[in-house]
Amino acid sequence: MEDESKSVAKMPGSHLNNADDEPSPAESIVKVISRFAFKSFAWVSIYLLGYYNFSVAWLFTPLILTVLRSQWKKERDAKLSAAREAALTNEKHMIESRIRVEDLPSWVFFPDKERAEWINSIIHQLWPNVGHYTRKLISESIEPSVRQALEGYGFSGFKFERVVLGQIPPRITGIKVYYKNVNRNEIIMDMDLVFASDCDIKFSVGRIKAKLMDFSLRGLLRVVFKPIVNEMPLIGGIQAYFLVPPEIDFDLGGIANAFDAPGLSNIIRQIVLEQIGFFMVLPHKYTMPLIESVENKILKCPDSAGVLRVRLHKAVQLAKKDVGVLGMGKSDPYAVLTVGARSVKTNRINNTVNPEWDYVADFPIEVVSGQQLTLEIFDHDDPGDDEFLGRATVQTSVVAKKGHIQEMWVELEDADTGRALMSLSWLEASSDIKQLERPHLPEEKDLTKCLLHVYVDCCKELPSKSPAHKPCPMVELKVGQTVHTTFPQYYTNDPVFEQGFVFMIVNPDADDLHVRVLDTRKDKDNVLCTAVIRNSNILKEPGMEFPNQPFHLKGGIGNSQIVLAAQIRPLKAAGKSTKPIDPPKDSKDEVETKTSLPTALESDSTPSAKKDEKLINLDESDDPKPAERPSVDSPLAAMIANTVTPMVESTASEETKEEVNEMLEPINELRRRGPQASMSATGCGKVRVSLIYDQGSEKLKFVIHQAAGLPGSDLPDPPDPYVKVYLLPERSRKSKRKTEVCKDSCNPEYEESFEYEIPLGKLGLSAL
């Protein structure tokens, strides 16, 4: 009320004006006289200059000198302020405050990244020649693919009219070469690529003409030199690909407004993303052989390390995007799971903010370290402009290391509310045929059992109507419902494809590889010839592999053949596994991860481990048996063992892990000697909390979600509970934190977070 009265008092025309804010009559008279005197002096000065015929320079010279003096004073003050800031603050923070973080090169933030100006100088000199090669690549490969994709949307007649890449080449902002834990037969480099192009690309869709402008791309490009050989140039070939889809943006010119009306702009944007992913996002690669003796199969055929199995159970507390009768209604959510260039979409569940999908998807993974699973949730809208509800990412290396993560909550980023529950498993690709013979669980009946790698080399002596009308062949490969196609080759009976594909096989005894060679010039009856390769026959071969060899094609002329290689890789479950996560008894619409982390709170607790996108804290222990209440040292040791250690294992480098393990050794010894107990055994209820440590900012975040089972529910006047948190062992007022009070509740919900600044070196000496 005081604030409201003050604001009203300061409003013009109000009768509640404060007497302290009004100037006195004497002050008002002085201000009027001073203004009159200043203006009179200015006019008199100008009059005298004109009356005595003074030059106009007498008027402008003082004005110019005054402006210059003011500018010099500003520059001097700015230099003095910068010097003081550099002396009193951290240089890194000072630079980041003056420059946008995303504009800084990666070597500024990551000490293992190096500058690559020498590469940028080479690219700048080669860029004109790259333009000629790109025009050829666009006309031969990209244009047919875009035309085919647009035909799926009902648009025909796509053609590139003009392709000019511009004068600005791509720039490498940081480079890293891997030399540890790398196959000695290859060299791996990661490059942070930024491309802000001034390109001029004109195209037409039927009679509609437009152009693509201001194209920009930012992503992490991996370059692999393999195999290492004994002849010059010592490298057999080059692979280049993006581990995750790059960030892409561009504008449409010409009649762009007409494009936006029917929605063609969004369609073209989606096709551009798909085509870049189809060319250079794993499992797709751009390859270039350097030595004729090296087979293209080594560079182009996939070599999967395993399969990431994702079971998306549900999401809770999603944002309400649809408008109801009485205000905001609910949403019609669906989820998109993406790893590399492969994306799958769940079914849509209408009119809910707590959807339950129970959707299972498998993703073949070729590079474990570097790829990530991305979960995106959208609200479906009929016009097609779906609204974004949040995203979360999980590194595949974390899942591969743990083997199995059951019922893990992930917080949704770029959203005000919402989280999702999923289970993750890692299935390793092996060469053991016994993995196909082992008994499978009923829920694994329709899931992937093995991988099929196929490399299509070429076709020979394909049929044609006449020597003057040669076909434009393309190979279609189908296993079950999965279909892959090669790039078309034009006007030839002996096309060379040299492309690799990977299929996920559910039943290797029944799911066979169906091959069709199609003529892309025909709309109907375009099948030139076919073949069927039995997976059961591949299993009988040594190493479960057909080497690169010819197969007879049916429907063609007598000698029509396709040359390909095929290999089956059975999947085996990883050995490590996390324990199942039990839902709390008092939760109504959500499930939290339980852990046995005891904390020194004002009320006894059995907190929960929480996960976010950047740091996933997983517990691998069952709920402890009831025991006596532990001492202060026992929670300290238990917290370090159950919380800090998994965090360090998930995020820290090998050197940091060794230092932290040495630091925690005395505490681990204390934990082994001390009693193990559960706070819930005392009958005072329990508190669900989360601990998250950010190694970059050196902050420990403590989140209090809710309490359950507090005493006093049978009383006429229920308690008004709140939670206090201290940072032990000092238990000082400085570290004291307190939640808000929940009135008349034995099951209060808080959802409050507190942060403590704790260096990593001192983390083992503190406990909540």
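Side chains included, hydrogens not; waters and symmetry mates left out as well; all remaining heavy atoms used. Here the structure is a predicted model, which is why all the values come from computation and not from measurement.
- With respect to Glu161 and Lys202, no salt bridge is recorded, no charged nitrogen being found less than 4.0 Å from a carboxylate O.
- Other residues, nucleotides and ligands contribute at most 12 non-hydrogen atoms within 6.0 Å of the NE2 atom of His124.
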Which donor-acceptor pairs under 3.5 Å do side chains of residues 536-549 form with protein atoms, sequence neighbours excluded?
none

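- For Lys460 and Asp494, the salt-bridge test fails: no basic side-chain N is under 4.0 Å from an acidic carboxylate O.
- The salt bridge (Lys or Arg N to Asp or Glu O under 4.0 Å) pairs that include a residue from residues 552-563 number zero, where partners must be two or more places apart or lie in different chains.
- For residues 205-236, no residue pair satisfies the ring pair (Phe, Tyr, Trp, His ring centres under 6.0 Å) rule, not counting sequence neighbours.
- No cation-pi contact links Arg222 to Tyr241, judged by a cut-off of 6.0 Å to the six-membered ring centre and 45° from its axis.
- With Asp519 contributing its side chain and Cys472 its backbone, the two residues share a donor-acceptor pair below 3.5 Å.
- With sequence neighbours excluded, no residue satisfies salt bridge (Lys or Arg N to Asp or Glu O under 4.0 Å) with Arg184.
- Under the salt bridge (Lys or Arg N to Asp or Glu O under 4.0 Å) criterion, Lys285 pairs with Glu366, sequence neighbours left out.
- Residues Glu231 and Ser293 bring a donor and an acceptor atom of their side chains to less than 3.5 Å of each other.
- Summarising the geometry, atom SG belonging to Cys450 is positioned 15.0 Å from atom NZ belonging to Lys572; distances are rounded to the nearest 0.5 Å.
- We find that Arg218 and Asp249 are not joined by a salt bridge, their nearest charged nitrogen and carboxylate oxygen being 4.0 Å or further apart.
- Among residues two or more places apart in sequence or in another chain, the salt bridge (Lys or Arg N to Asp or Glu O under 4.0 Å) test is passed with Asp200 by Arg162.
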